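Inspection log for the structure reproduced underneath, given as structure tokens.
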Amino acid sequence: MQEDDFSRLVALDHRYLWHPFTQMRAWMADNDPLLIERGEGNYLIDVRGRRYLDGVASLWCNVHGHRKAELDRALAAQATRIAHSTMLGLSHPGAAELARELIACAPPGLTRVFYSDSGAEAVEVALRIAAQYWQLAGQPRRTRFLTLTESYHGDTLGSVSLGFSDRFHRHLQPLLFPVLKADSPHVYRFYRGLEAQAAEEAALARANELLTQNTGEIAALIVEPLVQGAAGMWTHSAGYLRRLVELARAEGALVVFDEVATGFGRTGTMFACEQAGVSPDLMCLGKGITGGYMPLAATLATERVFEAFLGEPEEFRAFYYGHTYTGNPLATAVALANLEIFRRERVLDRIQPLIDHLREALAKRFAGHSRVADIRQAGLMAGVELMEDPERRRPWPVAAQVGSRICGAARKYEVFLRPLGDVLVFMPPLSITTQEIDLMLDAALYGVREIAGASQRSESR
Ligand SMILES: Cc1ncc(COP(=O)(O)O)c(C=O)c1O
């Protein structure tokens with residue numbers, strides 16, 4: 001692209017756009033933003049032809065790489081039939097086929113699929129199904145929800161109430177409903193210096209306290225299984241998850257798993273909760289459901305939950321919820337092709353050595369580094385938490401924007417990363433190779449050296 005054309009596009013962007021989760025003053029001061037024009041496998045290609053490894057899978061949704069032939073074909077074929085028809089009062093083949101396929105690969109007990117368009121909506125749907133379920137089931141006092149500190153469930157108002165974060169949502173506080181918050185094992189271990197086992201016990205004790213203090217009032221526990229992604233890749237063990245679910249069920253609450261980020265192979269199994277051997281009453285899916293191609297989300301429910309909504313028209317038991325593009329046929333066609341790739345290419349088997357490689361490659365570069373406070377990984381989701389003084393748990397001031405400057409520096413090495421504060425996030429497409437994992441981590445390490453001026457405490461490389 002000619003320099004004039006590039007400048008014109010940047011001017012249009014700066015003049016007319018408002019980007020999500022972005023301080024626009026800083027954005028508009030940057031005259032060299034990345035304008036992505038194409039994708040090829042695990043790479044993004046900008047309008048000037050520069051290639052960048054997609055180290056965060058286009059915000060955690062791309063699964064098999066960009067321009068995957070089977071997904072391109074499924075989308076194009078559906079476009080020759082129909083682009084959209086409504087799910088309100090109509091159905092279509094793709095919606096029905098995909099529902100069957102999702103139930104076939106979902107944890108046991110889930111039998112029904114409710115579509116929406118984004119992860120936040122999938123959670124909003126779960127929240128509203130759970131709330132209505134208890135009204136219909138004759139336990140109207142069950143109106144409270146229990147979630148973990150710093151959980152993130154998306155940006156609609158109900159989802160924000162569940163996943164409140166002071167940093168992002170402080171201005172919305174007056175509009176939010178109160179939610180019970182239990183600290184996760186990560187908080188006890190990382191910030192209060194407990195050993196892993198003691199941290200889990202403390203976290204479970206606190207969750208139990210909240211559950212028993214609110215007997216008969218909890219509608220649902222909502223949790224991101226194994227990894228609290230947006231919190232900064234906070235991980236917990238499968239054993240903790242299992243016991244947390246037992247505590248919630250002992251109090252009669254429904255259990256909702258938000259697998260929007262962890263679903264579709266990210267943690268090494270199709271869904272993270274499989275590793276704990278527990279099934280939820282409601283499960284939220286999004287992001288990778290279409291391989292990262294189209295906006296589609298789904299909330300899966302058990303038959304017990306579904307049946308509570310059945311009745312005569314005059315009883316008004318139906319679930320009155322829906323969006324115009326719910327169950328969009330282009331999206332369901334791609335989602336079906338996505339699941340077919342998982343089967344045909346045995347993706348979950350293929351990624352196991354990649355997960356091991358990522359673990360070793362992270363340790364080799366970041367373990368013992370003087371700026372590294374913690375390395376966390378579940379499957380192909382990983383976070384490296386940096387601090388000015390890790391021993392004293394002292395972060396850099398927010399104004400220093402260290403994480404984002406490190407990711408900016410990594411671009412020189414042709415890798416695109418987006419951090420969460422000063423946590424470097426690595427969440428590549430599942431199609432990444434071992435060489436690309438090395439490239440991604442080398443770029444991050446060079447960025448750390450350049451911006452954080454750090455050195456290895458122990459081994460050097
Ligand atoms: C666990 C979890 N739930 C929900 C969401 C919201 O998804 P969306 O951005 O598609 O609304 C996200 C997004 O990162 C997420 O990580």
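The model shown is predicted, which means the values in this text are computed figures rather than measured ones. Each ligand, and each atom within it, is numbered from 1 in the order the structure gives. The first residue in the sequence is number 1, and the count goes up from there. Excluded from the calculations below are hydrogen atoms, water molecules and symmetry mates; all remaining heavy atoms, backbone and side chain alike, are included.
Here atom 2 (C) of ligand 1 lies nearest to D258 when heavy atoms of V223, D258, V123 are compared.
Each of the following atoms of ligand 1 lies closer than 4.0 Å to a heavy atom of E224: 1 (C). Which parts of ligand 1 touch A261 is read off a 4.0 Å heavy-atom cut-off, strictly below it: atoms 16 (O). Listed by number with element, the atoms of ligand 1 under 4.0 Å from a non-hydrogen atom of W60 are 16 (O). Listed by number with element, the atoms of ligand 1 under 4.0 angstrom from any heavy atom of A120 are 6 (C), 7 (O), 8 (P), 11 (O). The G119 neighbourhood of ligand 1 comprises atoms 6 (C), 7 (O), 8 (P), 10 (O), 11 (O), with distances under 4.0 Å to a heavy atom of that residue.
If you check which protein heavy atom lies closest to atom 9 (O) of ligand 1, you get K287 NZ, 4.4 Å. Of the protein's non-hydrogen atoms, V260 CG1, 3.7 Å is the one closest to atom 5 (C) of ligand 1. Shortest contact from atom 12 (C) of ligand 1 to any protein heavy atom: Y152 CE2, 3.6 Å.
Considering backbone and side-chain atoms alike, G154 places every N or O at 3.5 Å or more from each N or O of ligand 1.
When all heavy atoms of R365 and D442 are compared, the closest pair comes out as NE-OD1, 2.7 Å.
For CZ of R343, the number of neighbouring non-hydrogen atoms (other residues, nucleotides, ligands) closer than 6.0 Å is greater than 12.
The closest donor-acceptor contact from the side chain of R128 to the backbone of F319 lies at 3.5 Å or more, if one exists at all.
The aromatic rings of H169 and Y152 sit parallel to each other, their planes meeting at less than 30°, with 60° as the upper class boundary. Note on ring orientation: taking the six-membered ring where Trp is involved, the planes of F264 and F342 are tilted (angle from 30° to 60°).
In this structure, T433 OG1 and L53 CG are separated by 8.0 Å, a value rounded to the nearest 0.5 Å.
Stacking of R376 on the aromatic ring of F190 is recorded, both the 6.0 Å distance cut-off and the 45° axial limit being met.
Side-chain contact between R192 and D183 is present, with heavy atoms from C-beta onward closer than 4.5 Å.
For E121, the closest heavy-atom approach to ligand 1 does not fall below 4.0 Å.
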